[in-house]
Asker: 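Handing you a structure now.
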Amino acid sequence: MKKLIYITACLALVNATAVPITYGAQTADMTVAQIVEKNAKARGGLEAWRAVSSMTMSGEMDAGGKKNTMLPFVMSMKRPYKSRLEIRFQDQPAVQVYDGTQGWKVRPFLGRDDVEPFSPAEAKVASGWPQLDGPLINYAAKGTKVELQGTEAVEGKDAYKLKLTMKNGEQRNLWIDASSFLEVKIDGDPRKMDGKLRNVAIYYRDFKKVNGLSVPYVTETVVDGVGQTHKMNIQTVTLNPPLDDTIFAKPKVNLATTTDH
């Protein structure tokens, strides 16, 4: 479930004064600063996103395994770094919560009904993932550095490849569509499978407007060398819902009450 929790990503930029670079006939000469500015405009505007303090998304996600089972989920986020993902599985809620400094998980589908703290690795990953507004919005305030790495084709379209270095030192690559300037792909957290550490990519698709802001309604997670992918289909997005801080605290053992928020 860890792989599905922090779907959306965020970072910042520092090398905004880079000299323009020419990549080919299909892409214009752009600096990092210009790409970031166009991304903010394509997402609905910097000031509009700054006015969003909380967000919920609900829909369905792949459960994995041999059967193509889709599970309902609700993801809640609140600035600066609070997040909560709740998934219904066999009429039981699985929960993963991060309050900005600590995280917990409850996984009854694994036969674990107790509340488990994040491992050090999970906590580091959680601290490096973005706020609710995406990889490039307010990047500087988030302490992220951004470098332009060139261009690559992503799903048949030209995209600018940006190297993002978060304030905790973690690095990810992010690809921005050269025409729409929306995010199309970002590195996920590598996974160890069959004794090998495999790269992970998350694709963003089907952006829709929500109160003037662009939000990806489909994400797909792909692991190198693994045929099966995992999709998250968002059905409803709500901006600035009232979210009490208590839902981001350590979950109560009695999960029957955790869905009432």
Side-chain angles (χ1 to χ4, degrees), residues 1-9 54-78 81-132 188-195 197-198 200 202 216-223 226-238 241-261:
M1 186 186 301
K2 182 182 78 175
K3 63 193 179 208
L4 296 172
I5 207 165
Y6 298 103
I7 294 295
T8 51
S54 62
M55 180 164 66
T56 60
M57 300 185 293
S58 61
E60 293 183 328
M61 62 171 59
D62 286 334
K66 296 181 179 179
K67 295 183 180 179
N68 187 25
T69 303
M70 300 297 288
L71 301 177
F73 77 90
V74 176
M75 186 165 188
S76 304
M77 294 173 283
K78 185 175 182 180
Y81 295 105
K82 294 181 172 65
S83 66
R84 176 192 178 94
L85 176 66
E86 186 167 321
I87 302 172
R88 300 294 301 187
F89 182 69
Q90 295 180 344
D91 295 326
Q92 290 184 303
V95 181
Q96 187 162 326
V97 176
Y98 185 65
D99 69 359
T101 57
Q102 302 179 80
W104 303 271
K105 54 198 176 186
V106 183
R107 300 177 290 179
F109 58 93
L110 295 178
R112 301 174 183 174
D113 293 329
D114 54 335
V115 180
E116 302 173 87
F118 276 12
S119 67
E122 291 170 335
K124 183 178 180 181
V125 169
S127 67
W129 273 101
Q131 297 182 26
L132 53 81
D189 302 315
R191 297 177 193 171
K192 193 170 186 178
M193 302 176 68
D194 302 325
L197 196 62
R198 300 175 185 270
V200 176
I202 299 170
Y217 269 60
V218 175
T219 64
E220 183 172 12
T221 301
V222 179
V223 181
V226 178
Q228 186 179 32
T229 65
H230 295 274
K231 284 188 178 180
M232 173 182 278
N233 299 312
I234 296 171
Q235 298 167 344
T236 303
V237 175
T238 303
L243 297 177
D244 194 282
D245 285 344
T246 56
I247 71 169
F248 303 103
K250 183 179 180 179
K252 298 182 183 303
V253 175
N254 181 8
L255 294 177
T257 62
T258 60
T259 58
D260 299 331
H261 68 268

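One is the number of the first residue; the rest follow in order along the sequence.
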Asker: Report the distance from atom CD1 of I234 to atom OG1 of T56, rounding to the nearest 0.5 Å.
Answerer: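 Nearest 0.5 Å value for the CD1-OG1 distance: 10.5 Å.
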
Asker: Minimum heavy-atom separation for V237 to M55, with atom names?
Answerer: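 Looking at all heavy atoms of both residues, the shortest contact is CG1-SD, 4.0 Å.
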
Asker: So F89 and T69, side chain to side chain contact (heavy atoms under 4.5 Å, CB included) or not? Walk me through it.
Answerer: CA-CA 10 Å; F89 182 69; T69 303; 5.7 Å; no

Asker: Measure the CE-CE distance between M70 and M61 for me, rounded to the nearest 0.5 Å.
Answerer: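 So the gap between those two atoms works out to 8.5 Å.
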
Asker: How many angstroms lie between atom CG of D189 and atom CD1 of I202, to the nearest 0.5 angstrom?
Answerer: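 Reported value, rounded in 0.5 Å steps: 7.0 Å.
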
Asker: Can you tell me how far the CG atom of L132 sits from the NZ atom of K78, to the nearest 0.5 Å?
Answerer: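 Reported to 0.5 Å precision, the distance equals 11.5 Å.
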
Asker: Go through it in stages, so that I can follow the logic: the residues are E86 and I247, the test is side chain to side chain contact (heavy atoms under 4.5 Å, CB included), and I'd like the CA-CA distance, side-chain angles, deciding distance and then a yes or no.
Answerer: CA-CA 11 Å; E86 186 167 321; I247 71 169; over 6 Å; no

Asker: What's the separation between atom NZ in K250 and atom NZ in K105, rounded to the nearest 0.5 Å?
Answerer: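 Reported to 0.5 Å precision, the distance equals 13.5 Å.
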
Asker: Using a 4.5 Å cut-off on heavy atoms from C-beta on, say whether the side chain of M57 contacts that of Y217.
Answerer: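 Counting from C-beta outward, Y217 and M57 never come under 4.5 Å.
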
Asker: Does P241 offer a backbone N or O that forms a donor-acceptor pair with the side chain of S54 under 3.5 Å?
Answerer: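 Side chain of S54 to backbone of P241, a donor-acceptor pair under 3.5 Å: yes, one is there.
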
Asker: So how far is it from E220 CD to D62 CG, rounded to the nearest 0.5 Å?
Answerer: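 It is 8.5 Å, given to the nearest 0.5 Å.
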
Asker: Checking D99 against W104 for the side chain to side chain contact (heavy atoms under 4.5 Å, CB included) test, could you report, in this order, the C-alpha distance in whole Å, the side-chain angles of both residues, the deciding distance, and whether it holds?
Answerer: CA-CA 9 Å; D99 69 359; W104 303 271; 3.6 Å; yes

